[in-house]
Amino acid sequence: MATLVETIKEWPAKKKVSLLVGVMVVIASLILIMSWSQQTEYSILFTNLSDNDAGLIIQKLEDMKIPHKVDSRGVLVPEDRVHDLRLRFASEGLPEGGGVGFEIFDKKDFGATSFVQKLNYRRALQGELARTIVALTEVEKCRVHLSIPEKSLFDREKQHPSASVLLKLKPGRALGQNQVRGIVHLISSSIEGLTPENVTVVDSKGDMLTRPADDMIGLTSNQLEYQRKYERQLETRVLEILGPVVGDGKVRAKAMADLDFSRIERKEENFDPDGQVVRSQQTIKEKAIANAKAGVPGVVSNIPGKEETGIANPQSQSQKENDAINYEISKITKHIIGPYGNINRLSVAVLVDGTYELAKDSEEVQYAPRSEEELKKYEDLVKKSIGFNSERGDEVTVVNMAFKGLPEDMIPEKELDIIQETIRAVKYLAPLLAIALFFLLVLRPLLRTMFPPPPPEPPAPLPQTVAELERAMRPELPPKTKEEMVADWAKASPDEALALLKSWIGGE
């Protein structure tokens with residue numbers, strides 16, 4: 001160290017200033033690079049926040065003394081604190097979803113008019129309903145608008161309240177009709193006098209989710225949903241059976257099902273003449289015997305004291321017999337209700353992509369269509385999977401056509417963001433780079449000063465004679481050195497060089 005200090009003291013002032021500036025630049029660069037590499041990375045905590053929610057969350061972060069940033073994307077916090085902060089805010093009910101609830105009445109305002117109170121009550125009711133609907137897994141955001149008419153004694157026609165709901169669904173999610181009806185009944189049950197028919201539910205795309213029936217085909221929303229669900233099942237069957245054969249992403253299917261939703265009730269009574277059973281039996285028998293004499297009609301027979309003279313009665317006996325048997329015939333009574341949603345007809349269209357191969361002479365991709373035999377096999381597979389019935393008039397069409405773009409296995413990999421990846425790599429390599437610069441710009445010059453290189457050896461003397469030249473041109477010398485020595489000797493001794501050339505020529 002003492003030798004180094006003494007050596008630096010012997011340097012001229014210009015060299016000392018250059019060394020001092022270099023050391024300061026390297027140290028400053030090292031500090032900047034180290035601080036930049038250790039800089040905290042921020043990630044998004046919440047996005048699409050309302051002004052109220054953003055203010056509450058920022059206030060909470062300031063109270064917790066957590067560094068944060070706010071930009072157009074939302075609220076950002078250190079990357080390692082994102083998950084625990086989300087759980088903590090969720091337990092506190094933040095974000096609230098942009099709507100104010102019944103907490104608006106926590107602050108007492110004795111100077112508020114009745115109109116303001118009614119308006120606040122409506123706002124609170126709308127906010128509470130929106131919060132309840134957002135609890136559904138498929139719903140990301142919700143806005144509820146209520147139209148509640150004022151009650152008046154002078155209105156002859158009673159006005160009914162109405163409500164409209166705007167839903168923003170999460171990507172890839174959809175609401176079923178049962179869920180939509182649940183939302184409708186939830187709102188209608190929360191407002192006095194509100195009927196489900198006066199509740200409208202619309203998604204963020206503008207599609208009406210509350211359609212009780214389709215006037216054109218007379219199907220209810222449940223029936224339409226059942227039909228679409230059955231069609232999607234058919235499409236899924238086709239994709240599952242053809243996907244492994246032709247490749248994923250190389251087949252498309254569309255199904256159309258004509259379903260009969262009418263209910264048929266039929267009552268049948270069948271009698272079995274062979275199955276007779278005696279139900280009742282009645283037998284009546286009568287028998288009478290008469291043997292008395294009868295007088296001759298007239299005056300003589302009615303005179304008192306006159307001896308009667310009778311004649312025998314020809315009808316002396318009477319007999320009657322009646323036998324009645326009632327039979328019961330076996331009877332079968334059936335009450336048949338037809339199945340719901342019978343299939344009248346199925347139509348399935350399948351689009352199959354061809355094959356792609358790289359040309360041998362170039363990197364161009366060539367398209368090859370499917371053969372007729374392959375398409376026939378695919379058609380048979382589709383028919384088996386959907387339960388094809390020719391008597392019902394079902395149709396299956398399989399068409400081969402090139403899809404737009406290359407298949408997934410031939411699509412070039414997505415290029416990486418070179419700038420972003422470079423910055424990420426430099427961030428981790430910056431400390432090593434700073435150490436290398438410090439060694440090259442500071443330590444290396446100091447080491448050279450402390451340990452100067454040995455002085456170079458003096459050059460060999462030039463040959464003055466032909467004998468010296470021949471001895472100098474040893475085989476172990478490199479060719480370039482030999483050439484330089486010969487040129488220098490020829491310039492210094494032109495006569496000797498000429499004599500040497502003459503001897504060489506004479507020798508040949």
Side-chain angles (χ1 to χ4, degrees), residues 46 48-57 89-110 112-170 173-214 220-225:
F46 293 112
N48 300 324
L49 293 173
S50 63
D51 296 337
N52 187 28
D53 287 341
L56 292 175
I57 291 175
F89 285 140
S91 63
E92 298 179 1
L94 291 176
E96 296 178 350
V100 62
F102 285 111
E103 67 273 5
I104 193 174
F105 297 106
D106 293 342
K107 298 180 180 180
K108 297 180 180 181
D109 187 3
F110 296 101
T113 62
S114 60
F115 174 77
V116 175
Q117 292 290 346
K118 292 179 181 178
L119 183 60
N120 288 337
Y121 175 75
R122 184 178 301 179
R123 290 178 56 197
L125 191 56
Q126 293 176 166
E128 293 293 339
L129 290 174
R131 293 177 184 176
T132 304
I133 296 174
V134 170
L136 294 176
T137 307
E138 293 79 6
V139 180
E140 181 178 351
K141 287 186 178 181
C142 176
R143 292 293 301 272
V144 178
H145 301 277
L146 300 177
S147 176
I148 303 176
E150 295 289 339
K151 296 181 180 181
S152 177
L153 299 175
F154 302 99
D155 291 339
R156 295 183 177 179
E157 296 181 359
K158 184 178 180 180
Q159 297 181 357
H160 299 281
S162 60
S164 58
V165 183
L166 177 63
L167 300 177
K168 181 181 179 182
L169 304 179
K170 294 180 181 179
R173 299 296 184 91
L175 287 177
Q177 286 299 318
N178 291 332
Q179 293 173 306
V180 174
R181 284 196 302 271
I183 294 174
V184 170
H185 286 283
L186 171 67
I187 296 177
S188 62
S189 302
S190 304
I191 309 299
E192 181 182 0
L194 180 60
T195 59
E197 290 77 14
N198 292 332
V199 179
T200 303
V201 181
V202 183
D203 62 4
S204 57
K205 298 179 182 179
D207 296 334
M208 184 80 69
L209 301 181
T210 51
R211 289 182 295 178
D214 194 327
T220 63
S221 57
N222 287 338
Q223 293 171 350
L224 288 174
E225 183 181 6

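Values in this document were obtained by computation on a predicted structure and should not be read as measured data. These values consider heavy atoms only, across backbone and side chains, with no hydrogens, waters or symmetry-generated copies.
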Measuring from [X]:[atom1] to [Y]:[atom2], what's the distance to the nearest 0.5 Å?
| X | Y | atom1 | atom2 | value |
| --- | --- | --- | --- | --- |
| Glu140 | Lys168 | CD | NZ | 4.5 Å |
| Ser164 | Arg143 | OG | CZ | 10.0 Å |
| Arg173 | Leu167 | CZ | CG | 14.0 Å |
| His145 | Leu166 | NE2 | CG | 6.5 Å |
| Gln177 | Leu209 | CD | CG | 7.5 Å |

Mind checking whether [X] and [Y] have side chains closer than 4.5 Å, heavy atoms only?
| X | Y | result |
| --- | --- | --- |
| Glu192 | Leu194 | no |
| Asp203 | Leu175 | no |
| Val202 | Asp207 | no |
| Ser147 | Pro161 | no |
| Leu136 | Ile183 | yes |
| Cys142 | Val165 | yes |

For a side chain to side chain contact (heavy atoms under 4.5 Å, CB included) check, start with the C-alpha distance between Leu129 and Gln126, then their side-chain angles and the critical distance, and finish with the verdict. CA-CA 5 Å; Leu129 290 174; Gln126 293 176 166; 6.0 Å; no

Does His160 form a side chain to side chain contact (heavy atoms under 4.5 Å, CB included) with Thr195? I'd like the steps, not just the answer. CA-CA 8 Å; His160 299 281; Thr195 59; 5.9 Å; no

Check Ile133, Asn198, Thr200, Val201 against Ile187 for a side chain to side chain contact (heavy atoms under 4.5 Å, CB included) and give me the one that passes. Ile133

Between Glu128 (side chain only) and Leu125 (backbone N and O only), is there a donor and an acceptor less than 3.5 Å apart? no

